[in-house]
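Below is one structure, written out as structure tokens; the observations come after it.
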Amino acid sequence: MRLGLCCQFMQQPIKFRTTTATAVAKMDRPDALAKLSRLCLENAESLFAALQFCAANGIGCFRINSQILPIKTHPSCGYSLGDLPAAKEILDRFQACRAFAKEHSLRTCFHPDQFVVLNSPRPDVVEKSVQELEYQAEVAEWVGADVVNIHGGGVYGNKEKALADFARNLDRLSRRVRSRLTVENDDKSFTPADLLPICQESGIPLVYDVHHHRCNPDGMTIEQATRKAMKTWDREPMFHISSPRAGWSGPQPARHHDFIDIQDFPDCWRRKKVTVEVEAKAKEIAVQRLLGDLKSCQEPAATWFVYMLRCADGSLYTGISNDVQRRVKQHNSGTASRYTRGRLPVVLLYQEPQCSQGAALRRELEIKALSRTVKESMVDALQ
């Protein structure tokens with residue numbers, strides 16, 4: 001199983017740049033194309049850096065931002081690759097990303113924005129959606145991405161007709177798009193049960209989002225939906241995981257948390273050869289934490305733990321121990337740490353199992369480097 005990182009980074013200095021049609025429209029066309037060319041080349045460089053990070057940190061998939069080529073399909077400010085002064089360098093760099101991904105067994109994919117709606121009753125929206133899918137499939141071909149994932153769209157008062165419109169408009173797509181296109185169940189309109197017949201008839205795989213399924217159930221169990229979704233794939237299946245921001249009993253459970261609660265990760269996924277995209281707001285930090293949580297769950301017994309304390313002055317302290325409760329007592333007796341000795345009493349907020357002392361030490365350093373906001377989010381995720 002490989003975990004996937006979605007589009008952006010929280011702490012790594014890897015950024016993807018964009019612009020607005022308003023800004024570009026104010027420029028002379030040659031100057032505008034020169035600016036867009038620079039942005040595209042910089043984004044290609046950033047993608048290469050993102051793939052390097054993934055390869056070095058055990059992350060098996062990277063979702064590419066839809067605006068990797070900014071405003072590419074805009075009706076008045078859009079452009080083709082050949083219009084850009086650095087067209088050859090841009091293409092070469094994207095193809096270098098493809099070679100790097102292949103060498104390191106990385107997967108790449110796209111997830112177009114919400115305005116891509118194939119079953120819209122408005123012909124202009126459908127036409128723009130087709131154009132956007134064609135653009136993203138073109139870049140997907142450059143980089144070797146095998147998934148361009150969309151939602152089913154809206155119900156528009158008639159679910160049966162909306163699904164039929166979606167299926168009919170698939171015929172408007174080129175082979176380049178169709179060979180990569182996937183469809184995902186959502187949290188309001190279309191469940192796995194709604195989409196599976198179209199997937200089976202059209203050959204379009206289902207990206208099963210377990211969070212959406214929990215928010216928008218259809219009578220199938222997670223195990224049943226997983227099994228049926230996997231049968232729609234002719235390549236490695238892709239799933240989505242996220243956790244509710246305020247818990248399942250809180251308001252708006254569809255909103256994503258910064259991290260993944262390991263209890264939300266389906267047991268039936270753990271031994272399968274699948275890609276699981278991690279849709280969490282803490283980005284690479286959330287993926288790395290989930291990697292650690294999954295590894296810990298596979299260990300027969302965790303012997304070491306990383307823990308966090310809240311001191312009397314409100315500061316946070318991170319340490320490791322093979323007996324956390326004993327260590328907390330030592331802190332409160334003033335015999336464990338010079339830092340906590342003057343900030344007593346302390347309260348245990350968080351503990352995370354590790355399979356060895358070395359792993360605990362490495363994770364301790366990672367947590368200490370995080371911002372306070374991220375640390376607080378880690379604590380909140382356990383509440």
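Here the structure is a predicted model, which is why all the values come from computation and not from measurement.
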**Report entry** Residues R227, E223; criterion salt bridge (charged side-chain N to carboxylate O under 4.0 Å, His left out); working and verdict
**Finding:** CA-CA 6 Å; R227 184 168 62 252; E223 291 77 14; over 6 Å; no

Query - Steps toward salt bridge (charged side-chain N to carboxylate O under 4.0 Å, His left out) verdict (E366, R289) - result: CA-CA 10 Å; E366 291 176 1; R289 174 175 152 176; over 6 Å; no

Query raised in the report: Are K88 and D92 close enough for a salt bridge, meaning some N to O gap below 4.0 Å?
Result: yes

**Report entry** S120 side chain to V117 backbone, donor-acceptor under 3.5 Å
**Finding:** no

Requested in this report: Report yes or no: do T232 and Q200 form a side-chain donor-acceptor pair below 3.5 Å?
Outcome: no

Query - Side-chain donor/acceptor of R341 to backbone N/O of G334, under 3.5 Å - result: yes

Query raised in the report: Run the salt bridge (charged side-chain N to carboxylate O under 4.0 Å, His left out) check on D323 and R327 step by step: do they pass?
Result: CA-CA 6 Å; D323 186 337; R327 191 62 173 166; over 6 Å; no

Requested in this report: Establish, from distance only, whether the side-chain atoms of Y307 and H331 form a donor-acceptor pair under 3.5 Å.
Outcome: yes

Query - Nearest-0.5 Å distance that lies between atom CG in N332 and atom OG1 in T340 - result: 8.0 Å

Query - N/O donor-acceptor pair under 3.5 Å between T318 side chain and I367 backbone - result: no

Requested in this report: May I ask you to decide if H111's main-chain N or O and S66's side chain share a donor-acceptor pair within less than 3.5 Å?
Outcome: yes

Query raised in the report: Between the side chains of N216 and T191, does any donor sit under 3.5 Å from an acceptor?
Result: no

Query raised in the report: What distance do C97 atom SG and L51 atom CG have between them, rounded to the nearest 0.5 Å?
Result: 5.5 Å

Query raised in the report: Under the 6.0 Å and 45° cation-pi test, does R168 pair with F166?
Result: no

**Report entry** R93 to F48, cation-pi by 6.0 Å centre distance and 45° axis angle
**Finding:** yes

Query raised in the report: Are side-chain heavy atoms of D264 and R214 found at a separation under 4.5 Å?
Result: yes

**Report entry** Full working for side chain to side chain contact (heavy atoms under 4.5 Å, CB included) between F305 and V324
**Finding:** CA-CA 7 Å; F305 297 83; V324 175; 3.6 Å; yes

Requested in this report: Go through F110 and N65 one step at a time and tell me if the side chain to side chain contact (heavy atoms under 4.5 Å, CB included) criterion holds.
Outcome: CA-CA 7 Å; F110 285 82; N65 191 305; over 6 Å; no

Requested in this report: State the CD-CD1 distance between E42 and I68, to the nearest 0.5 angstrom.
Outcome: 11.5 Å

Query - I241/E279 under side chain to side chain contact (heavy atoms under 4.5 Å, CB included): CA gap, chis, key distance, verdict - result: CA-CA 6 Å; I241 184 73; E279 296 189 324; over 6 Å; no

Query raised in the report: Distance only, no hydrogens: is a donor on one side chain within 3.5 Å (strictly under) of an acceptor on the other, for T20 and T22?
Result: no

Query raised in the report: Got a donor-acceptor contact below 3.5 angstrom from the D186 side chain to the H212 backbone?
Result: no

Query raised in the report: Between E376 and R372, does a salt bridge (charged side-chain N to carboxylate O under 4.0 Å, His left out) hold up when you go through it step by step?
Result: CA-CA 6 Å; E376 295 281 8; R372 184 184 179 95; 3.3 Å; yes

Name the atoms and distances for all side-chain donor-acceptor pairs under 3.5 Å in residues 2-10, with sequence neighbours left out.
{"residue": "R2", "atom": "NE", "partner": "E236", "partner atom": "OE2", "Å": "2.8"}
{"residue": "R2", "atom": "NE", "partner": "T275", "partner atom": "OG1", "Å": "3.4"}
{"residue": "R2", "atom": "NH1", "partner": "G60", "partner atom": "O", "Å": "3.2"}
{"residue": "R2", "atom": "NH1", "partner": "S105", "partner atom": "O", "Å": "2.8"}
{"residue": "R2", "atom": "NH2", "partner": "E236", "partner atom": "OE1", "Å": "3.2"}

Query raised in the report: Does a donor on one side chain sit under 3.5 Å from an acceptor on the other, for N57 and E284?
Result: no

Query raised in the report: Is there a side-chain contact between T18 and L39 (heavy atoms, below 4.5 Å)?
Result: no

Requested in this report: Tell me, yes or no, whether the heavy-atom count around K281 atom NZ, taken from other residues, nucleotides or ligands under 6.0 Å, exceeds 12.
Outcome: no

Query raised in the report: Is the shortest distance from a Lys or Arg side-chain nitrogen in D124 or R122 to a carboxylate oxygen in the other one below 4.0 Å?
Result: yes

Query raised in the report: Has R338 got more than 12 heavy atoms of other residues, nucleotides or ligands less than 6.0 Å from its CZ?
Result: no

Requested in this report: Determine whether the side chains of W304 and S321 contain a donor N or O and an acceptor N or O closer than 3.5 Å.
Outcome: no

Query raised in the report: How many angstroms lie between NZ in K159 and CG in D194, if you round to the nearest 0.5 Å?
Result: 3.5 Å

Report summary line: Taken to the nearest 0.5 Å, the spacing of E45 CD from F94 CZ works out to 9.5 Å

Query raised in the report: Is there a side-chain contact between L195 and L163 (heavy atoms, below 4.5 Å)?
Result: yes

Query raised in the report: Is there side-chain contact between L118 and V130, with heavy atoms separated by less than 4.5 Å?
Result: yes

Report summary line: Of all heavy-atom pairs linking D293 and E352, the shortest is OD1-CG, 4.3 Å

Query raised in the report: Would you say the side-chain atoms of E132 and Q136 include a donor-acceptor pair closer than 3.5 Å?
Result: yes

Report task. State whether a side-chain donor-acceptor pair under 3.5 Å links Q52 with H104. Result -> no

Report summary line: Minimal heavy-atom distance between F115 and S129, with the atoms involved, is O-OG, 3.5 Å

Report task. Verify the distance criterion only: is there a donor paired with an acceptor across the side chains of D218 and H213 at less than 3.5 Å? Result -> yes

Query - Aromatic contact, H74 with Y79 (centres under 6.0 Å) - result: no

Query - Heavy-atom side-chain contact between V183 and H151 under 4.5 Å - result: no

Report summary line: Looking only at heavy atoms, the pair that brings A369 and Q11 closest together is O-NE2, 4.2 Å

Requested in this report: For residues W142 and L81, determine if any side-chain heavy atom of one lies less than 4.5 Å from a side-chain heavy atom of the other.
Outcome: yes

Requested in this report: For K128 and T73, test the side chains for any donor-to-acceptor distance below 3.5 angstrom and give the result as yes or no.
Outcome: no

Query raised in the report: If you take all heavy atoms of P85 and A34, which pair is closest and at what distance?
Result: CG-CA, 4.1 Å

Requested in this report: Mark yes or no for whether R178, through its side chain, and L170, through its backbone, hold a donor-acceptor pair below 3.5 Å.
Outcome: yes

Requested in this report: Measure from the side-chain N and O atoms of N158 to the backbone N and O of K161, and report whether any donor-acceptor pair falls under 3.5 Å.
Outcome: yes

Report summary line: For P70 and C40 the tightest heavy-atom approach is CD-SG, 3.9 Å

Query raised in the report: In this structure, are over 12 heavy atoms from other groups packed under 6.0 Å from K102 atom NZ?
Result: no

Query raised in the report: Should the pair Y208 and W269 be assigned to parallel (<30°), tilted (30 to 60°) or perpendicular (>60°) ring geometry?
Result: perpendicular

Report task. Measure the shortest side-chain to side-chain distance between T226 and F239 over non-hydrogen atoms and say whether it is less than 4.5 angstrom. Result -> yes

Query raised in the report: Is there a side-chain contact between S315 and R343, using heavy atoms and a 4.5 Å cut-off?
Result: yes

Requested in this report: Test I90 against S37 for side chain to side chain contact (heavy atoms under 4.5 Å, CB included), laying out the working first.
Outcome: CA-CA 8 Å; I90 293 167; S37 186; 3.9 Å; yes

Query raised in the report: In the single-linkage hydrophobic clustering (I, L, V, M, F, W, Y; side-chain heavy atoms under 4.5 Å), do F265 and V278 co-cluster?
Result: yes

Query raised in the report: Is a side-chain donor-acceptor pair under 3.5 Å present for H211 with S242?
Result: yes

